[in-house]
Amino acid sequence: MRIATWNINSVVNKLDKVEAWLTSAAPDVLCLQETKCTTEAFPTEALAALGYESAAHGDGRWNGVAIVSRVGLTDVVRDLPDQPEFEGKVEPRAIGATCGGVRLWSLYIPNGREPDHAHYTYKLAWLEQLAKLGASELSTLDGAPLALLGDFNVAPTDIDVWDISVFENSTHVTPAERAAVELLPAAGFVEVAPRALKYDVAFTFWDYRQLAFPKNRGMRIDLVFGSPSFASAVTDSYVDREARKGKGTSDHAPIVVDIDV
DNA sequence: ATGCCCTATGATATAGGA
């Protein structure tokens with residue numbers, strides 16, 4: 001089974017890219033983040049024409065997540081249990097579903113903005129609640145394959161950004177953010193490390209500005225955490241940087257994970 | 001060449017992204 005995750009930066013605006021990539025990469029399941037459309041506006045019909053069911057969760061301009069599957073899509077859950085709020089609202093940043101016997105959560109972790117911003121403490125609280133969900137699902141699923149994947153907005157180590165000196169006093173690289181992500185391995189998850197198709201590190205994001213992509217000024221901030229049974233079934237994983245090339249693309253590239261289940 | 005920011009919004013500026 002082929003599973004993928006992609007921060008698409010508006011699924012409506014990038015629909016042609018999504019359709020082309022589903023056809024060429026042929027994933028069985030695609031987890032999307034930053035769909036930037038309401039649940040109703042998600043392009044369900046267009047993806048159904050390609051043989052995929054959709055479960056979307058969005059409320060408009062910002063955020064939004066979805067799971068698209070051609071191997072079944074059941075037990076859909078929207079939001080984390082007790083998901084932290086920002087400015088009094090639960091934002092559409094998490095959706096879970098079971099696809100072909102694999103439990104998956106498509107996740108868009110808050111950005112954090114600045115280390116002294118309320119959004120940063122929100123980000124840490126969000127990751128802590130995610131670890132609680134993970135522990136709960138590991139226990140409930142009792143060995144069935146499970147993965148938590150998406151845009152974590154955290155670079156796990158210093159080599160996961162093109163130049164760590166640029167990130168002094170920035171979010172995405174602070175010890176507290178990394179420790180909050182490390183709660184998942186502490187709960188029993190295993191990070192699935194993707195291959196890079198070029199260069200040493202499999203970056204997943206490159207800013208639109210200042211030739212960041214051709215200069216490979218990127219960040220590895222989209223991550224996949226598998227349950228032990230999921231991780232041991234992985235046969236390959238890579239970041240498809242080809243999808244970042246050209247105009248009208250997302251600023252993130254998709255991660256592909258192949259598992260033998 | 002992978003090439004000099006992009007998204008959605010009751011829009012003609014703004015907030016958010018990372």
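With both ends at atom C1', the span from B:dA11 to B:dA15 equals 12 Å, rounded to whole Å. Distance noted for atom P between B:dC6 and B:dA18: 15 Å (whole Å). Taking the C1' atoms as reference points, B:dA8 lies 23 Å from B:dC4, given to the whole Å. Taking atom P on both nucleotides, B:dG10 is separated from B:dG16 by 15 Å, rounded to a whole Å.
Using a 4.0 Å heavy-atom criterion, one finds that A:Phe167 contacts no nucleic acid atom at all. Using a 4.0 Å heavy-atom criterion, one finds that A:Glu242 contacts no nucleic acid atom at all. Here A:Asp222 lies out of heavy-atom contact (under 4.0 Å) with every strand. Among the heavy atoms of the strands, none lies under 4.0 Å from A:Asn63. In this structure, A:Tyr108 reaches the sugar-phosphate backbone alone: every heavy-atom distance under 4.0 Å involves primed, P, OP1 or OP2 atoms, never a base.
The distance between atom CG of A:Leu223 and atom C1' of B:dA18, rounded to the nearest whole Å, is 14 Å. Residue A:Phe86 contributes atom CZ, which lies 8 Å from atom P of B:dG16 at whole-angstrom precision. Here the P atom of nucleotide B:dG16 and the NZ atom of A:Lys123 are 16 Å apart, to the nearest Å. Rounded to a whole Å, the CG atom of A:Asp151 is 10 Å from the P atom of B:dG17. Note: CZ (A:Arg178) to C1' (B:dA18) measures 14 Å, nearest angstrom. Distance A:Ile221 CD1 to B:dG17 P: 12 Å, rounded to the nearest Å.
Grouping Ile, Leu, Val, Met, Phe, Trp and Tyr residues whose side-chain heavy atoms lie under 4.5 Å apart, directly or via other members, leaves A:Tyr199 alone, with no other cluster members. In this structure, A:Leu15 belongs to a hydrophobic cluster whose other members, linked by side-chain heavy atoms under 4.5 Å apart, are A:Trp6, A:Ile8, A:Val11, A:Val12, A:Val18, A:Trp21, A:Leu22, A:Leu30, A:Leu32, A:Phe42, A:Leu47, A:Leu50, A:Tyr52, A:Val68, A:Leu197, A:Tyr238, A:Val256.
For A:Asn111 against B:dA18, a side-chain-to-base donor-acceptor contact under 3.5 Å is present.
Note on residues 123-136 of chain A: pairs passing side-chain hydrogen bond (donor to acceptor under 3.5 Å, both in side chains), not counting sequence neighbours, are A:Lys123-A:Glu177.
In this structure, A:Arg217 does not pair ionically with A:Asp207, as no charged nitrogen and carboxylate oxygen lie closer than 4.0 Å. A salt bridge links A:Asp258 to A:Arg2: at least one charged side-chain nitrogen sits closer than 4.0 Å to a carboxylate oxygen.
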In residues 165-172 of chain A, what donor-acceptor pairs under 3.5 Å come from side-chain atoms, sequence neighbours left out?
from, atom 1, to, atom 2, distance (Å)
A:Ser165, OG, A:Asp163, OD1, 2.7
A:Ser165, OG, A:Asp163, OD2, 3.2
A:His172, NE2, A:Asn153, OD1, 3.1

Can you build the contact string for nucleotides 3-10 of chain B? Use B for base contact, S for sugar-phosphate-only contact, and - for no protein heavy atom under 4.0 Å. BBBSSBB-
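The ring pair (Phe, Tyr, Trp, His ring centres under 6.0 Å) search around A:His119 returns A:Phe86, A:Tyr122, not counting sequence neighbours.
In plain terms, the two heavy atoms of A:Gln83 and A:Glu91 that are nearest each other are NE2-O, 2.8 Å.
In terms of position along DNA chain B, the nucleotide closest to A:Asn216 lies nearer the 5' end than the nucleotide closest to the other residue of the pair A:Arg113 and A:Asn216.
The side chain of A:His252 contributes no N or O atom lying less than 4.0 Å from OP1 or OP2 of B:dG17.
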